[in-house]
Student: 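Sharing a structure with you now.
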Amino acid sequence: MSMASAPGKLAYPQFSGLRRTCACVSTSHPLFLRRAGAAASRRAFGGIFAMAGTGKFFVGGNWKCNGTKDSISKLVADLNSATLENDVDVVVSPPFIYIDQVKRSLVDRIEISAQNSWIGKGGAFTGEISAEQLIDIGCKWVIHGHSERRHIIGEDDQFIGKKAAYALSQNLKVIACIGEKLDEREAGKTFDVCFQQLKGFADNVSSWTNIVIAYEPVWAIGTGKVATPEQAQEVHAAVRDWLKKNVSAEVASETRIIYGGSVNGSNCADLAKKEDIDGFLVGGASLKGPEFAVIVNSATEKKVAA
């Protein structure tokens, strides 16, 4: 991979799947600037300039279509007995039919998310769950835009954005998922895809206060393939820069951008060290209580790196 550049310029290598242009900045700029306290500093990475996030570390567990009453009872018992870092928001997302069981048995330290909600108030919508119903049984969060909803169920950007907006209007917080497929990364469209998906949310929501963005490259979900810390950091930095340019600098700084895609107890520490990775959305490893606790506690790596 060539790093040639004009005299007095430093060219950063571009990771596979990003826009294939040479990003050059003056050598007078440092490659990284450490956070100082409130993290109002700026840094350059891959030609993108943005503020690092200031939000509390966040780890979500998406249980997807997994579990039985017995296996979930065991998982909840493991989570209840785990020692978790205090300075982390922890959320788990059981299948709809087990939400009440989990809510009644799980420690209050861990909040509950749904995996989906309908685009408006309940009614004659067979198979759907309304935001009002989720609030009624104690849910605090809902996931919208997950790749499996986009690419298997067929939900488009605007439909997802409208669902998120309605959930927010009913006081559900939203984990807003974005991410590219493998062919899109190989075609150099990673940023284009992620920005278009972000626009679907931005076109519809009026406030980002209760939104966490989850970058989940589709090629890394459930495949065992994980974006390198550098690849993930570059996309997270680009997302933060997009928020700054298209929403506001305040939203860019305060919105948490978490990574998802085969996160486990072995790779979470290196990912957590990256400046713009504010936590994780975990799939398979969230079904294993002790391993999920390790991922939650990787927040300590963020403190060391800051």
Side-chain angles (χ1 to χ4, degrees), residues 17-19 39 42 45-56 58 60 89 91 113-120 131 140-151 153-181 184-185 188-218 232-261 275-279 281:
L18 305 180
R19 287 190 180 123
R42 298 170 63 85
F45 184 83
I48 297 165
F49 294 81
M51 293 178 289
T54 59
K56 188 177 181 181
F58 182 103
D89 284 336
V91 176
S113 172
Q115 296 177 18
N116 184 39
S117 64
W118 181 235
I119 196 169
K140 299 292 183 65
W141 294 84
V142 64
I143 299 171
H144 280 305
H146 194 281
S147 65
E148 292 149 8
R149 301 295 306 183
R150 293 180 185 273
H151 303 304
I153 307 302
E155 297 180 356
D156 64 32
D157 297 336
Q158 288 298 314
F159 183 71
I160 291 164
K162 287 180 171 64
K163 291 206 302 181
Y166 188 77
L168 291 165
S169 77
Q170 300 304 305
N171 298 317
L172 272 179
K173 301 175 185 179
V174 171
I175 300 170
C177 300
I178 61 171
E180 81 284 8
K181 295 183 292 183
E184 292 166 336
R185 171 165 279 268
K189 296 179 180 178
T190 292
F191 288 169
D192 297 325
V193 171
C194 290
F195 295 166
Q196 185 63 36
Q197 292 171 350
L198 279 171
K199 186 175 184 297
F201 291 108
D203 285 348
N204 291 284
V205 305
S206 58
S207 170
W208 291 76
T209 302
N210 291 320
I211 298 177
V212 170
I213 296 171
Y215 168 58
E216 294 195 302
V218 181
Q233 163 61 25
E234 188 161 19
V235 177
H236 282 228
V239 168
R240 205 176 298 283
D241 192 61
W242 188 93
L243 290 173
K244 180 185 175 185
K245 292 175 179 176
N246 293 277
V247 185
S248 73
E250 181 181 15
V251 166
S253 177
E254 294 179 356
T255 300
R256 291 173 288 185
I257 307 170
I258 63 178
Y259 173 77
E275 186 174 15
D276 286 288
I277 297 179
D278 301 317
L281 184 58

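In this text the structure is predicted, and so the values were computed from the model without any measurement. Atoms considered below: every heavy atom in the structure, side chains included; atoms not considered: hydrogens, waters and symmetry mates.
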Student: Atom NE2 of H146 and atom CG of N116: how far apart are they, to the nearest 0.5 Å?
Tutor: 11.5 Å
Student: Take D89 and R256 through the salt bridge (charged side-chain N to carboxylate O under 4.0 Å, His left out) test and state the conclusion after the steps.
Tutor: CA-CA 11 Å; D89 284 336; R256 291 173 288 185; 2.6 Å; yes
Student: Taking all non-hydrogen atoms of both residues, which atom of G188 and which atom of D192 are closest, and how far apart?
Tutor: O-OD2, 4.3 Å
Student: So, for V193 and G179, which heavy atoms are closest and what is the spacing to 0.1 Å?
Tutor: CG1-O, 3.9 Å
Student: What's the separation between atom OH in Y166 and atom CG in L172, rounded to the nearest 0.5 Å?
Tutor: 10.0 Å
Student: Between atom CD1 of I160 and atom CZ of R149, what is the distance when rounded to the nearest 0.5 Å?
Tutor: 9.0 Å
Student: For a quick test of reading the model, state the closest non-hydrogen atom pair linking V205 to I211 and the distance between them.
Tutor: CG2-CD1, 4.0 Å
Student: Whether the N246 and K199 side chains hold a donor-acceptor pair (N or O, under 3.5 Å, no angle test) is what I'd like checked.
Tutor: no
Student: So which heavy atom on E216 is nearest to which on C177, and how close?
Tutor: OE1-SG, 3.9 Å
Student: At their closest point, which heavy atom of V142 faces which heavy atom of Q115, and how far apart are they?
Tutor: CG2-C, 4.4 Å
Student: Kindly compute the distance separating CZ (F191) from CH2 (W242), expressed to the nearest 0.5 Å.
Tutor: 14.0 Å
Student: Would you please say whether a donor-acceptor pair under 3.5 Å links the side chains of Y215 and Q197?
Tutor: no
Student: Could you tell me which non-hydrogen atom of W208 sits nearest to which non-hydrogen atom of L198, and how far apart they are?
Tutor: CH2-O, 4.4 Å
